[in-house]
A.B. asks: 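Starting off with a structure, shown below.
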Amino acid sequence: MDSIDYQMAQVLDIQMETAAIKSYLFTCVESKIFRFSPGQFNMIGLPGVGEAAISFSSLAIPGSNQFTHTIAGVGNVTRFLERLEIGRRVLFRGPFGRGWPIEEIIGKDLLIVAGGIGLAPLRSFLFYCLENRNRIRDVVLVYGARTTDDMVFAKDLADWQARDDIETIYCVDQYNKESSLRLQVGLVTRFLEKLELDYRNTLAFLCGPEIMMRFVARNLLFQGYAGDQIYVSLERRMRCGTGHCGHCQIGAKFVCQDGPVFQYSDISRFADTLL
Amino acid sequence: MYTDAFLIEKDQFSPWLEVLHQEFRLIGPIEENGFYTFAEIQSVRDLALNYDTTMLGPRKFIYHPEEKICAFRKTPEGFEIEPLGKAAPQILVGVHSCDLHAILVLDKVFLKKGFQDRNYRMWREATVIMGIHCTGVCPNCFCASMGTGPLFEPKEGYDFLLTDFGDRYLIELLGERAEKFILPLKLQRATESDFKKKQEIGRKVENQFKKKIDTTHLVDIILRNQNHPVWKRTAEELCLGCTNCTMVCPTCFCYNQKDEIGFDLIHYERKRYWDSCQELHFAQVHGGNFRFTRMARLRQFVTHKLATWVEQFGCFGCIGCGRCMTWCPTGIDLTEIAKEIMVTEQNKTIRMSEAQQFENG
Ligand SMILES: Cc1cc2nc3c(=O)[nH]c(=O)nc-3n(C[C@H](O)[C@H](O)[C@H](O)COP(=O)(O)OP(=O)(O)OC[C@H]3O[C@@H](n4cnc5c(N)ncnc54)[C@H](O)[C@@H]3O)c2cc1C
Ligand code: SF4
Ligand code: SF4
């Protein structure tokens, strides 16, 4: 596999998530099939602008060449992507990285904790879990956002809350607007201890600001979870995605290739994380 | 793979290189302003094969300080990716054992894990490498401690390997490419006694090292002591954040990327250039910086070279060339940092065994 394998993708649809976040449905221009797994990411961008690492927020559909990215405009590349219109083309490389451990979830209880846009890579994972619902035990989703306005994937959140085979806890730091969702006020960590999950049979999946993952992971460890039952998806600066540019290194790990999903115990042993 | 060894008279060696020079770019150590440096050579006479060390290793001719990795052309439908230029065939002459090891390390980084770096592969394949064994040591080098010298032991990574026998060289060959080049020369085959002589030279050099480091428990010791006071003190008292260490280190691989746009707004080039974990921006992301302090950045360099590299690539990231400390404006020496940590560990063990003795009675 070569480090520089570009593909072209075209924007098919755009969905507003929040004032600052949009979801884009892309289709590959040249290839008929594009495969990826939940938790992996693309390096996506445009010549003259650069590239940014963006997770898949959708689940790959067998035989399809479509995928969704949910992007927050925070800098050069992402602000440029923010201005994309339907029909425009971008270049991407991918899929990269090791995603969520989908082989491990059979027969387990799942605790999914997301913060803000961190729900994006967990959304595809949740879709996968729901497709395989009968092979797993309890599923709990705890999703936190700063305000009601900052919650992404409103339609999915409502769908999940309406189902009886998944328990949902949605919380905001500030309840600033009426919402049709059942919301609670407080940080995600507040709700973790009340869950009726058997920690001995539960796997936890975390994505959000690293400081949030720190408090969630430590809370779970305190409850009795082992470090290798907790999975975290990390974000680092990345230029290549192929394990060469060195920016994403945490100790002996390349987040782009060995991650972005890690077992907590495997990554928290190194310096320079907030975990 | 083909291997063989011959003896080549020195007055036969230069004319042979001249012949190869007609076909290849020739790169080797030359003297410049009182220092040695790897440079493209105009005449074989300029080669200074008895050089001690250079500021930059030959890395810069395989993994360039800045290079184009891709070119795009804008079309009405989107973008076309333009074919890249080829690498120029070149011979690297006079690469010391440490730098040969550094190239093996870079091979592991760029070629031996999941993805291959296309530019590196292109230049690596176009490069014929002629190593040469050192006949002395430099004040700062410690290859013997790192297992990377003074004799180059692996049977990979080079085409030729020279050992200076005074009026002639022992020339060891590896691979068909080397065989093809040497064939016209009709040389005398090396014997057992020539290899003995090479070993003797190696032993003589080995006894001269001033700088040493014990690597037996190095990885564990460094990883166990990520909060040792030496990091903060060295960083705050000495480190200027100049990035010299990572620029001169022959195994540093990190790069950054930038896009350049042609004036026609049709042609785009993507370039990469050496980056350094000593730069403040290196681990910066939206909303924070994972190595905001100079302490964290210095610790990353030393920990990467002496510890985490081993888990990543199965070898040390430091090949003991001594360049980082030579070119550090304040003389920060990673072996001294490691030794300070080792002393603390030793004291700890002594205190613990004393406590044990006390308990036992
Ligand atoms: C595995 C992975 C998955 C990601 N998934 C998503 C996603 O689904 N949606 C989304 O909106 N964002 C995602 N990100 C974050 C996204 O990559 C960054 O926001 C983006 O690279 C910033 O680039 P920029 O050019 O827009 O900003 P820049 O102009 O480069 O800089 C803006 C700020 O972002 C910092 N920055 C630069 N590169 C990165 C980087 N790779 N990661 C984080 N910060 C960076 C800069 O230091 C600066 O502070 C992901 C990152 C990773 C590593
Ligand atoms: S860390 Fe220093 S001594 Fe070791 S290889 Fe790099 S430059 Fe040479
Ligand atoms: S992280 Fe630093 S020390 Fe390690 S290879 Fe990159 S620049 Fe060199």
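Every chain is numbered from 1 and lettered A, B, ... according to where its sequence line falls, protein lines coming before strand lines. Not measured: the values here are computed from a predicted model.
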A.B. asks: Are B:Asp107 and B:Tyr120 close enough that a side-chain donor and a side-chain acceptor fall under 3.5 Å?
C.D. replies: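 Present: a donor and an acceptor within the cut-off.
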A.B. asks: May I ask you to check if B:Arg124 and B:Phe110 form a cation-pi contact, with NZ or CZ under 6.0 angstrom from the six-membered ring centre and within 45° of the axis?
C.D. replies: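 Judged by the rule, B:Arg124 and B:Phe110 form no cation-pi pair.
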A.B. asks: Is it the side chain or the backbone of B:Glu77 that comes within 4.5 Å of chain A heavy atoms, both, or neither?
C.D. replies: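 For B:Glu77, the contact with chain A is made by backbone and side chain together.
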A.B. asks: Using the rule side chain to side chain contact (heavy atoms under 4.5 Å, CB included), only one of B:Val105, B:Thr303, B:Val219 pairs with B:Trp309; which is it?
C.D. replies: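 Testing each of B:Val105, B:Thr303, B:Val219 against B:Trp309, the sole residue satisfying side chain to side chain contact (heavy atoms under 4.5 Å, CB included) is B:Val105.
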A.B. asks: Any idea which of A:Glu51, A:Arg88, A:Met238 has the most non-hydrogen atom pairs under 4.5 angstrom with chain B?
C.D. replies: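 Going by pairs under 4.5 Å, I would pick A:Glu51.
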A.B. asks: Return the option, out of B:Leu265, B:Asp259, B:Val310, with the maximum number of heavy-atom pairs under 4.5 Å with chain A.
C.D. replies: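 The residue among B:Leu265, B:Asp259, B:Val310 with the greatest pair count is B:Asp259.
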A.B. asks: Among B:Gln284, B:Lys258, B:Gln226, who wins on heavy-atom pairs under 4.5 Å with chain A?
C.D. replies: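 Heavy-atom pairs under 4.5 Å are most numerous for B:Gln284.
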A.B. asks: Side chains of B:His304 and B:Gln312: any donor to acceptor distance under 3.5 Å?
C.D. replies: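 The answer is yes; a qualifying pair exists.
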A.B. asks: Checking heavy atoms, do the side chain of A:Val49, its backbone, both or neither come under 4.5 Å from chain B?
C.D. replies: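 Backbone of A:Val49 only, per the 4.5 Å heavy-atom cut-off to chain B.
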A.B. asks: Is it the side chain or the backbone of B:Arg291 that comes within 4.5 Å of chain A heavy atoms, both, or neither?
C.D. replies: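 Just its side chain gets close to chain A.
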A.B. asks: Sort B:Phe313 into side chain, backbone, both or neither according to what part of it lies under 4.5 angstrom from a heavy atom of chain A.
C.D. replies: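 Contact with chain A is through the side chain of B:Phe313 alone.
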A.B. asks: Using a cut-off of under 4.5 Å for heavy-atom pairs, which of B:Arg299, B:Lys113, B:Gln300, B:Lys74 has the most such pairs with chain A?
C.D. replies: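 Greatest number of close heavy-atom pairs with chain A: B:Arg299.
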A.B. asks: Quick check on B:Tyr268 against chain A: is it the side chain, the backbone, both or neither that has a heavy atom closer than 4.5 Å?
C.D. replies: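 B:Tyr268 touches chain A through side-chain heavy atoms alone.
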A.B. asks: Specify the closest pair of heavy atoms between B:Phe72 and A:Leu91, including all atoms of both residues, with the distance to one decimal.
C.D. replies: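 Taking every non-hydrogen atom into account, CE2-CD1, 3.3 Å.
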A.B. asks: I'd like to know whether the aromatic ring centres of A:Phe56 and A:His69 sit less than 6.0 Å apart in this structure.
C.D. replies: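 Centroid separation for A:Phe56 and A:His69: below 6.0 Å.
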A.B. asks: Which answer fits B:Asp117, side chain, backbone, both or neither, if we ask what part of it has an atom under 4.5 Å from a heavy atom of chain A?
C.D. replies: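 Both backbone and side chain.
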A.B. asks: Side chain, backbone, both or neither: which part of A:Arg269 has a heavy atom under 4.5 Å from chain B?
C.D. replies: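 Contact with chain B: side chain only.
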A.B. asks: Is the closest side-chain donor-acceptor distance between A:Thr273 and A:Glu210 under 3.5 Å?
C.D. replies: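 Their side chains do not contain a donor-acceptor pair, so the 3.5 Å distance test is not met.
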A.B. asks: For chain A, find which of B:Asn256, B:Thr293, B:Ile261 contributes the most heavy-atom pairs closer than 4.5 angstrom.
C.D. replies: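 The option with the most such pairs is B:Asn256.
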A.B. asks: How close do A:Cys256 and A:Thr242 get, counting heavy atoms only, and between which atoms?
C.D. replies: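 For A:Cys256 versus A:Thr242, the nearest heavy atoms are SG-N, 4.0 Å.
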